[in-house]
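The structure under discussion appears below in the form of structure tokens.
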Amino acid sequence: MPEEEKKDVEMKDAEAEGEGEKEAEKKEQKEKDPRTVLRTSIVQIMKTIQVVVQGGDSRAMGRVIRAYSGLRRTITSDVLKIILEETVDNSKGNADKYIAMVPPMDVDMTQDPPKEMKLPLKPACPEMEAFSVLLLLMVLVDKREKDKALQCSTMLVSWLKGFNRRTLDMFSARAYFYLSLAYERNNRLSELRPELLAAYRTACLRHDAMGQATLLNLLLRNYLAYNLYEQALKLVEKTAFPESRPNAQYARYLFYIGQIKAVKLEYSDSHSKLMQAIRKSPQSSGVALGFKLAATKLAIVVELLMGGIPDRATFMQQELKQQLRPYYALAQAVRNGDLNEFAKQTTTHEAVFKKDKTLTLINRLRYNVIKTGLRDINLSYNRISLQDIATKLGLESAEDAAGVVAKAIVDGVIDASIDYEQQFLKSKQKFDLYSSCEPQKALHKRIAFCLQMHNDTVKSMAYPDTGDAKDGETAEERREREKREMADMDDDDDDEMLV
């Protein structure tokens with residue numbers, strides 16, 4: 001028994017020592033200088049770039065691109081200057097120009113950066129230079145430095161044009177994205193259109209899928225910003241979105257297509273595209289809220305134009321609830337068929353609708369409000385005078401009511417007839433919808449949607465590569481790492497979801 005007690009004591013001592021060592025390691029990690037941690041991550045990224053360039057696998061550059069989401073939040077001015085000094089070729093004075101653009105730090109640091117902050121990166125390849133300058137560009141965009149961002153993006157795009165390397169394709173696509181954003185913030189977006197068209201042709205010739213997807217969306221955004229819907233439609237008809245598409249870019253493409261279809265009165269196709277765009281957008285809360293809000297607002301208006309009423313849950317989303325209140329009031333007016341309330345809500349929130357670019361579509365809803373009111377009247381009354389219809393719908397006279405009712409009968413909104421001599425509307429016997437082919441058509445539409453979603457899911461499935469596994473990494477650790485990478489991807493998509 002004494003020997004067993006000794007063993008128990010020794011085991012407890014060993015466990016206590018192990019816990020002490022773990023606590024000490026945690027304390028050391030907490031006490032690490034943030035710039036040292038930042039330096040370690042940057043060096044690791046640069047090593048990854050070297051490995052990718054040597055291997056020639058351009059797809060693996062996506063890991064480097066995903067690292068931007070964390071770096072842009074933690075990067076400091078002194079570290080950024082060191083990176084630019086180490087990676088940018090200064091033969092033409094570009095390094096000095098970029099360093100001069102680095103914005104001042106929010107909090108002044110009295111201590112000089114330690115000598116070990118120097119990065120062992122020479123000789124630097126073009127991919128490292130592109131990475132560093134693009135990081136500077138993101139910082140300038142985050143700081144709202146419009147003029148510096150425009151100058152930096154112009155220099156970067158001009159420099160990237162001199163290369164034809166597949167490992168630079170992703171950097172080039174991001175550079176054009178921020179170039180377009182800089183021009184837009186300086187109200188000069190129309191000047192960039194010829195440049196984007198030329199870049200899109202080059203991306204097609206080089207089979208650059210990322211460049212094609214990004215530039216096609218930028219062109220559509222450019223056309224729609226100036227209400228050039230005909231040109232945007234011609235561009236869509238004469239181009240094809242790449243098969244190996246990034247999810248964020250495809251969501252934006254679907255949103256633009258839905259916007260064009262809505263203006264062209266193709267409401268069913270528009271609503272389908274918009275709902276796909278919302279489902280394909282990042283699902284993390286707090287990410288890409290601007291995109292989700294714009295797509296949801298447009299989808300609500302299009303559904304109202306189709307004669308439907310959006311679900312209440314659409315307006316009750318926690319992060320979008322406040323911004324969707326004007327559209328909720330509008331939907332209530334359409335649902336009740338109250339023309340006076342509809343006009344009141346349209347006038348009250350006119351500034352919001354103009355800002356959202358939905359006022360033109362909302363003005364088309366007037367006839368839908370009348371149709372809803374007529375349906376209710378047709379169900380409630382077997383026979384009603386035209387003057388009473390004008391009073392209930394808020395129309396000026398019985399003649400106006402007769403014209404509206406006649407159009408509704410021709411469009412198949414109501415099943416009734418007008419007696420012009422006695423000035424009344426007589427409803428006909430209600431038609432049994434289930435004796436027609438409409439239920440079969442609705443079922444076929446849902447089945448086709450489910451099959452399409454299944455095919456898209458199969459295409460987007462990815463399987464882990466044995467070469468990507470870390471040394472000694474367990475399945476649980478791999479899953480945790482993939483979760484972190486997916487979270488970084490969602491944060492990174494927040495930029496690309498700009499609308």
Under 3.5 Å, is there a donor-acceptor pair linking the side chains of His349 and Gln345? yes

Would one find more than 12 heavy atoms of other residues, nucleotides or ligands at under 6.0 Å from atom NZ of Lys264? yes

Passes side-chain contact (heavy atoms from CB on, under 4.5 Å), Val458 versus His454? Steps please. CA-CA 6 Å; Val458 171; His454 172 266; 3.7 Å; yes

Distance (rounded to the nearest 0.5 Å) between Glu127 CD and Thr167 OG1: 3.5 Å

Looking only at the side chains, is there a donor atom on one of Asn217 and Arg252 sitting less than 3.5 Å from an acceptor on the other? no

Residue pair Tyr178 / Leu156, side-chain heavy-atom distance below 4.5 Å: no

Run the numbers on Leu324 and Leu293 for side-chain contact (heavy atoms from CB on, under 4.5 Å), then give the verdict. CA-CA 8 Å; Leu324 291 178; Leu293 183 62; 4.0 Å; yes

So, taking the atom named CG in Leu228 and the one named OG in Ser190, what distance separates them when rounded to the nearest 0.5 Å? 9.5 Å

Sidechain-backbone polar pair: Ser132 side chain, Met128 backbone, donor-acceptor under 3.5 Å: yes

In this structure, CD of Gln249 is separated from CZ of Phe241 (nearest 0.5 Å) by 6.0 Å

Straight-line distance of Phe255 CZ to Leu298 CG, nearest 0.5 Å: 5.5 Å

Do Arg166 and Asn164 pair up side chain to side chain, a donor and an acceptor below 3.5 Å, judged on atom types alone? yes

Could you tell me whether a side-chain N or O of Ser270 sits under 3.5 Å from a main-chain N or O of Lys261, the two making a donor and an acceptor? no

Quick check on Arg335: does its CZ atom have over 12 non-hydrogen neighbours (other residues, nucleotides or ligands) under 6.0 Å away? no

Asp208 and Gln212: side chain donor to acceptor below 3.5 Å: no

For the backbone of Lys354 and the side chain of Thr358, can you confirm whether one donor and one acceptor N or O come within less than 3.5 Å of each other? no

Is it the case that more than 12 heavy atoms not belonging to Arg364 sit under 6.0 Å from its CZ atom? yes

Arg366 side chain to Ala343 main-chain N or O, any donor-acceptor pair under 3.5 Å? no

Which pair of heavy atoms, one from Ala251 and one from Ala277, lies closest together, and at what distance? O-CB, 3.4 Å

Taking the side chain from Ser272 and the backbone from Ser268, do they hold a donor-acceptor pair closer than 3.5 Å? no

Taking atom types as modelled, is there a side-chain donor on Ser153 or Tyr183 under 3.5 Å from an acceptor on the other? no

Strictly distance-based, threshold 3.5 Å: is any side-chain N or O of Gln440 a donor or acceptor partner for the main-chain N or O of Cys437? no

N/O donor-acceptor pair under 3.5 Å between Ser180 side chain and Tyr176 backbone: no

Minimum-distance pair of heavy atoms, taken over all atoms of Pro126 and Phe163: CG-CE2, 3.7 Å

OH on Tyr229 to CD1 on Ile260, rounded to 0.5 Å: 8.5 Å

Starting at CG of Asp356, measure out to NZ of Lys297 and round the result to the nearest 0.5 Å. 3.5 Å

For the backbone of Leu168 and the side chain of Ser172, can you confirm whether one donor and one acceptor N or O come within less than 3.5 Å of each other? no

Given Glu195 and Lys161, is the salt bridge (charged side-chain N to carboxylate O under 4.0 Å, His left out) satisfied, shown in steps? CA-CA 12 Å; Glu195 174 78 15; Lys161 284 181 183 177; 2.6 Å; yes

Is there a side chain to side chain donor-acceptor pair (under 3.5 Å) between Gln151 and Asp147? Walk through the geometry before answering. CA-CA 6 Å; Gln151 182 186 356; Asp147 296 331; over 6 Å; no

With a 6.0 Å cut-off (strictly less than), is the heavy-atom count around CD of Glu191, excluding the residue itself, greater than 12? yes

With no hydrogens and no angle check, do the side chains of Arg312 and Tyr328 hold a donor and an acceptor under 3.5 Å apart? yes

Would you confirm whether the ring centroid of Tyr256 sits within less than 6.0 angstrom of the ring centroid of Tyr223? no

Has the side chain of Asn222 got a donor or acceptor atom that lies under 3.5 Å from a matching backbone atom of Leu218? no

Spell out, as yes or no, whether a donor-acceptor pair under 3.5 Å connects the side chain of Ser281 to the backbone of Ile278. yes

